[in-house]
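Written below as structure tokens is the structure these notes are about.
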There are 2 protein chains.
Amino acid sequence: MARYAGVSSAVVSYVVNGGPRPVSEETSARVRSAIDLLGYRPNVSARALRIGSTSTLGLVLGGLENPYFTELALSIQAAANEAGYAVVMGNVDRNRSAASSRHILDDLIGRQVDGFLVASENATADTLEHLQRNNARSVVFDAPSPIPGHSTVGPDAAQGARSAVEHLVSVHGHRDVGLVIGDDGRAGADARERGWQDALRSARLLDGPLARADFTRAGGYEGARRLLEAANPPSAVFASSELQGIGVLYALHEAGVRVPEDVAVVTFDGTAECEYSWPSLTVARQPVDSMAAAAVRQLLTPGASHHETFPMELVVRRSCGCVPQPTTG
Amino acid sequence: MARYAGVSSAVVSYVVNGGPRPVSEETSARVRSAIDLLGYRPNVSARALRIGSTSTLGLVLGGLENPYFTELALSIQAAANEAGYAVVMGNVDRNRSAASSRHILDDLIGRQVDGFLVASENATADTLEHLQRNNARSVVFDAPSPIPGHSTVGPDAAQGARSAVEHLVSVHGHRDVGLVIGDDGRAGADARERGWQDALRSARLLDGPLARADFTRAGGYEGARRLLEAANPPSAVFASSELQGIGVLYALHEAGVRVPEDVAVVTFDGTAECEYSWPSLTVARQPVDSMAAAAVRQLLTPGASHHETFPMELVVRRSCGCVPQPTTG
DNA sequence: TTGTAGGCGTTATCAT
DNA sequence: ATGATAACGCCTACAA
């Protein structure tokens with residue numbers, strides 16, 4: 001006990017956290033030296049027990065194998081640490097069932113985390129309700145749209161998608177732009193799909209062909225295969241997630257189709273992976289850092305819940321045709 | 001307080017954790033029903049304070065932007081959860097200085113984690129010593145070689161590298177295999193470099209050209225550029241990390257060099273990213289799951305510290321020349 | 001400015 | 001088989 005080191009008792013508490021009461025410079029110095037002499041560290045469990053706060057946030061997130069989510073998680077980490085909070089990952093297991101996700105929440109609740117950061121894809125009605133029942137603070141990130149009664153943060157996905165497709169149309173003159181997108185069972189519900197549509201319609205073009213497949217590399221591959229097998233394949237493709245974009249590229253290469261000469265590609269998300277794909281992918285990039293910071297801020301500052309939206313930025317690279325290819329083909 | 005719900009006191013403890021003392025079936029049932037009636041959850045902080053254990057492991061790991069480390073972290077998570085432990089990430093920030101990494105450790109120590117999983121690249125003498133001084137259990141993972149007095153887990157990197165280079169030599173007949181590898185200041189110290197050398201020498205070939213660069217995509221790009229600029233570039237390249245392999249591919253494409261026809265490539269690590277690169281990368285794959293499980297096991301089971309090594313597996317794909325290319329070039 | 005003491009929710013020991 | 005009770009380490013009135 002550090003108390004024996006100096007001569008004081010609860011004064012050490014005052015010193016450790018600029019306590020509610022002032023301490024004379026002299027004793028304060030003595031305590032501090034004793035602290036790092038004895039290598040004293042406040043016991044977080046005891047503090048948590050007393051205070052009722054663990055300075056810990058729970059991150060509920062599946063699919064960290066998607067580099068976009070990895071980046072998001074890292075940024076959230078950084079933002080949380082910045083604010084003095086640690087992050088414990090909500091047991092993101094590969095095979096997430098309803099039961100397991102309930103289990104995850106209960107574990108985190110039991111650990112007395114001060115708040116929950118829930119990825120949109122994990123924010124089922126069930127989950128949100130469970131959280132509310134245990135009156136836990138929470139914010140949903142990567143949210144495509146507001147969720148009544150909950151704080152949400154997300155990109156302006158429609159705008160991002162639109163800007164990518166508009167680039168294809170107005171700069172490169174494509175008139176037939178296909179879409180590879182996920183299938184959440186609600187056709188047309190995805191903002192990315194709307195953005196793609198908007199861009200085409202306001203250019204007075206017909207909706208291009210569309211392939212629904214998983215939001216994975218394999219899904220992108222499969223979607224592109226379907227597009228290619230048509231009698232009249234499109235001259236450009238918008239892959240609505242970077243992972244799919246990578247798969248699209250693979251399918252195109254495998255089929256001997258040149259990118260961007262034969263088919264141009266643009267995509268959505270924008271991690272490091274699509275910077276070093278070949279060709280490098282033109283992409284509507286998510287403002288990951290800003291969104292992460294906003295999510296943590298919303299979680300930590302009291303106030304009415306609302307939806308916060310962030311603009312996406314078009315990053316132009318080779319796959320749309322902007323950078324000349326080497327003299328290969 | 002759940003105690004008022006039933007009529008008992010510490011019996012609830014016995015029933016919650018099959019306690020050290022038996023409980024009659026009748027009261028046990030009464031307690032259990034009270035528990036989920038009141039939605040009671042044991043307070044982990046209090047338990048930790050009393051018991052001295054938090055059922056939490058600290059993961060000290062920089063560079064999660066490398067998908068190999070992401071996979072490793074995920075597997076460690078899974079293994080830890082399996083064993084009933086949560087994982088809190090050791091504030092992996094982008095700009096890790098000595099001071100910050102010390103700060104990370106102290107935070108984790110204060111949180112009373114039951115043990116530390118430290119990535120080899122973060123396991124500086126300083127860090128290890130600090131851990132020992134605070135008598136914290138720890139294990140170093142992704143360790144290239146034993147560290148006296150510490151538990152370590154790592155791949156048999158020399159064997160993995162050798163098998164990749166041997167494939168190039170014996171199956172595809174390459175006689176001039178370049179190496180792109182990191183620079184840790186100790187030339188020749190890396191087991192991957194030794195494996196590459198061994199494979200060449202036992203085939204009675206001369207050491208190929210060698211480029212040292214960062215273990216990143218950009219590093220691989222830069223290394224490949226240097227190899228290409230030589231008057232006599234090699235006919236094959238071993239990139240000693242997957243990230244570098246991706247960068248090598250990019251540089252080759254950009255220069256209009258065909259892979260694998262003009263230059264073959266093999267690499268090391270083996271996450272999903274190199275499965276969908278073009279061409280897909282032949283790779284010596286790390287046994288991520290086994291290593292993660294072993295690290296957690298070593299950390300949790302008492303016993304003398306030792307070094308545990310895991311064999312790597314060669315995954316053959318297109319970049320070495322095994323799969324015929326489409327009729328493009 | 002500093003010391004004393006009570007209590008946060010658990011578990012474990014000691015009685016009963 | 002179960003009820004009381006002390007103690008884990010910290011924070012914070014309150015007293016000095």
Side-chain angles (χ1 to χ4, degrees), chain A residues 1-56 84 86 106-114 134-136, chain B residues 1-56 84 86 106-114 134-136:
Chain A
M1 201 58 166
R3 330 212 143 163
Y4 291 168
V7 270
S8 25
S9 87
V11 178
V12 47
S13 170
Y14 300 156
V15 169
V16 169
N17 18 305
R21 295 210 159 295
V23 176
S24 86
E25 190 44 58
E26 184 198 4
T27 44
S28 165
R30 204 170 45 200
V31 170
R32 269 193 303 266
S33 76
I35 281 182
D36 53 41
L37 183 67
L38 301 219
Y40 164 80
R41 320 222 152 284
N43 180 320
V44 174
S45 304
R47 176 169 223 280
L49 178 57
R50 180 66 230 260
I51 291 303
S53 157
T54 50
S55 296
T56 299
D106 281 347
D107 179 63
L108 254 19
I109 290 172
R111 294 192 124 83
Q112 329 273 138
V113 300
D114 296 332
N134 290 79
N135 50 12
Chain B
M1 203 57 165
R3 333 211 140 164
Y4 291 168
V7 270
S8 28
S9 85
V11 177
V12 47
S13 171
Y14 299 157
V15 58
V16 167
N17 20 304
R21 295 204 159 297
V23 176
S24 87
E25 190 44 58
E26 184 199 3
T27 44
S28 165
R30 203 170 47 202
V31 170
R32 268 195 302 267
S33 76
I35 281 182
D36 53 41
L37 183 68
L38 301 220
Y40 162 82
R41 313 211 165 290
N43 181 320
V44 174
S45 304
R47 176 169 223 278
L49 178 57
R50 181 65 233 255
I51 293 301
S53 156
T54 50
S55 295
T56 299
D106 282 347
D107 179 62
L108 255 19
I109 290 172
R111 294 192 123 83
Q112 328 274 138
V113 300
D114 296 332
N134 290 78
N135 50 13

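The basis for the numbers below is simple: all heavy atoms, side chains too, and nothing from hydrogens, waters or symmetry mates. Order of the sequence lines sets the chain letters (A, B, ...), proteins ahead of strands, with each chain counted from 1.
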Measure [atom1]/[X] against [atom2]/[N] and give the value in whole Å, please.
{"X": "A:Gln112", "N": "C:dC8", "atom1": "CD", "atom2": "C1'", "result": "11 Å"}
{"X": "B:Arg50", "N": "D:dC8", "atom1": "CZ", "atom2": "C1'", "result": "6 Å"}
{"X": "A:Arg21", "N": "D:dC14", "atom1": "CZ", "atom2": "P", "result": "10 Å"}
{"X": "B:Asn17", "N": "C:dA12", "atom1": "CG", "atom2": "P", "result": "8 Å"}
{"X": "A:Tyr40", "N": "D:dC10", "atom1": "OH", "atom2": "P", "result": "4 Å"}
{"X": "A:Arg30", "N": "C:dT2", "atom1": "CZ", "atom2": "P", "result": "8 Å"}

Side-chain contact test, heavy atoms from C-beta onward, threshold under 4.5 Å: evaluate it for [X] versus [Y] and give yes or no.
{"X": "B:Arg47", "Y": "B:Asn17", "answer": "yes"}
{"X": "A:Val44", "Y": "A:Ser55", "answer": "no"}
{"X": "A:Arg111", "Y": "A:Thr56", "answer": "no"}
{"X": "A:Ile35", "Y": "A:Val16", "answer": "yes"}

So does [X] get a side-chain nitrogen or oxygen closer than 4.0 Å to the phosphate oxygens (OP1/OP2) of [N]?
{"X": "B:Thr27", "N": "D:dT2", "value": "yes"}
{"X": "B:Ser45", "N": "C:dT10", "value": "no"}
{"X": "B:Arg47", "N": "C:dT11", "value": "yes"}

Would you indicate which nucleotide in [options] comes nearest to any side-chain atom of [X]?
{"X": "B:Ile51", "options": "C:dT11, D:dA1, C:dT2", "value": "C:dT11"}
{"X": "A:Ala46", "options": "C:dA12, D:dC10, C:dT2", "value": "D:dC10"}
{"X": "B:Leu49", "options": "D:dC11, D:dC8, D:dT2", "value": "D:dC8"}
{"X": "B:Tyr14", "options": "D:dC11, D:dG9, D:dG3", "value": "D:dG3"}
{"X": "B:Val11", "options": "D:dT2, C:dT2, C:dT11", "value": "D:dT2"}
{"X": "A:Asn43", "options": "D:dA1, C:dT10, D:dG9", "value": "D:dG9"}

Q: Please list, chain by chain and in numerical order, all residues satisfying side chain to side chain contact (heavy atoms under 4.5 Å, CB included) with B:Arg50, sequence neighbours excluded.
A: none
